[in-house]
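Numbers here are sequence positions counted from 1. Note that the coordinates shown come from a computational prediction; the quantities given were computed from them, not determined experimentally.
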Amino acid sequence: MTGIQELLLSRIRDVADYPEQGVMFKDITPLLADPAAFTALTDALAAIAAKTGATKVVGLEARGFILGAPVAVRAGLGFIPVRKAGKLPGATLRQAYELEYGSAEIEVHAEDLTSDDRVLIVDDVLATGGTAEAAIQLIQRAGAEVSGLAVLMELGFLGGRARLDPALDGAPLEALLQV
């Protein structure tokens, strides 16, 4: 384990039985409250943005906003929020996706992405990959290219990486931590 991985992991708190019985929630708020850890995380994700040749950073609602916006600033790139349906004013593109129990929709402003854009998607956790897969589809429908997906942590036992592999079509999936 690298020094940055040890630092990040030491600032993530396990919360048992949240949001329901049997779930071990990974709380990143202690990491966000620690300036050194948050800066190290931002720097690591900004380096991924540079490595992938991204021109924009997309953050997935909601913790992806917290991580993605400073990454975009650090990397000198634009930031685009992908929100739950009905939260953005103006013309949007919408993508539906399936959840464990039901479905959901996400949106992006139609004019925020163009065919000239290479987009790094940033989020806190990769679990089953449903939201990230919908974001990839949304970005591609907007005419942009996905340059990669970067997350703080990947819950490997949930199989999100395998689900996203076809949609990423060779673009890298970078997880700073595997849990």
* Are M24 and V15 side-chain neighbours, meaning at least one heavy-atom pair lies under 4.5 Å? -> no

To the nearest 0.5 Å, atom OG1 of T131 lies from atom OH of Y97 at 3.5 Å

Discussion item. Do Y18 and V23 have side chains that approach each other closer than 4.5 Å (heavy atoms only, starting at C-beta)?
Written reply: no

- Query: Charged N to carboxylate O under 4.0 angstrom, E61 versus K87?
  - Reply: no

Worksheet item: Taking the side chain as C-beta and beyond, is there a heavy-atom pair between V119 and I80 under 4.5 Å?
Response: no

The single option from D112, L138, D123 that satisfies side chain to side chain contact (heavy atoms under 4.5 Å, CB included) with V82 is L138

Closest non-hydrogen contact found for P81 with L88 is O-CD1, 4.4 Å

dist I139:CD1 -> L93:CG (nearest 0.5 Å) comes out at 11.0 Å

Has F25 got more than 12 heavy atoms of other residues, nucleotides or ligands less than 6.0 Å from its CZ?
yes

Between A40 and I4 the two heavy atoms that sit nearest each other are O-CD1, 3.3 Å

Q) Is the closest side-chain heavy-atom distance between L45 and V151 below 4.5 Å? A) no

When every non-hydrogen atom of P30 is compared with those of R11, the smallest separation belongs to CB-O, 3.2 Å

Worksheet entry | Salt bridge E107-R83, side-chain N to carboxylate O under 4.0 Å | no

Taking every heavy atom of A134 against every heavy atom of Q95, the minimum-distance pair comes out as O-CG, 3.5 Å

| field | salt_bridge(E133, R163) N-O dist < 4.0 Å | value | yes

**Prompt:** Heavy-atom distance under 4.5 Å between the side chains of L164 and L149, does that happen here?
**Reply:** yes

Do T52 side-chain atoms and A49 backbone N/O form a donor-acceptor pair below 3.5 Å? yes

Between the CZ atom in R118 and the CG atom in L113, the distance rounded to the nearest 0.5 Å is 13.5 Å

Checklist entry - After noting the C-alpha distance and the side-chain angles of M153 and Q178, does the key distance pass the side-chain contact (heavy atoms from CB on, under 4.5 Å) rule? => result CA-CA 6 Å; M153 68 185 118; Q178 303 277 339; over 6 Å; no

Output for pair (E174 CD, L120 CG), nearest 0.5 Å, gives 9.0 Å

* Between E105 and K84, is there a side-chain N and carboxylate O pair less than 4.0 Å apart? -> no

Taken to the nearest 0.5 Å, the spacing of I106 CD1 from L60 CG works out to 6.5 Å

Partner of L67 under side chain to side chain contact (heavy atoms under 4.5 Å, CB included), picked from L32, T42, L31, is L32

Closest heavy-atom pair, L176 versus A44, reported as atoms and distance to 0.1 Å, is CD1-CB, 3.9 Å

Flag side-chain contact, heavy atom, 4.5 Å: F79 against P70: no

Tested for side chain to side chain contact (heavy atoms under 4.5 Å, CB included) against E154, the lone hit among V179, V125, L126, L177 is L126

Tightest non-hydrogen contact, residues P172 and S147, listed as CD-O, 3.2 Å

Rounding to 0.5 Å, atoms CG (D34) and OG1 (T39) come to a distance of 8.5 Å

Does a side-chain heavy-atom distance below 4.5 Å link D27 with D14?
no

Using a 3.5 Å distance criterion without hydrogens, assess whether the side chain of T92 forms a donor-acceptor pair with backbone atoms of R94.
no

Practice item. Evaluate the criterion side-chain contact (heavy atoms from CB on, under 4.5 Å) for residue pair V122 and V58; output intermediate values, then yes/no. Key: CA-CA 6 Å; V122 172; V58 157; over 6 Å; no

- Could you go step by step and tell me if L9 and Q5 meet the side-chain contact (heavy atoms from CB on, under 4.5 Å) rule? CA-CA 6 Å; L9 201 52; Q5 288 172 318; 6.0 Å; no

TODO: Could you tell me whether the side chain of T2 reaches within less than 4.5 Å of the side chain of L7, counting heavy atoms only?
DONE: no

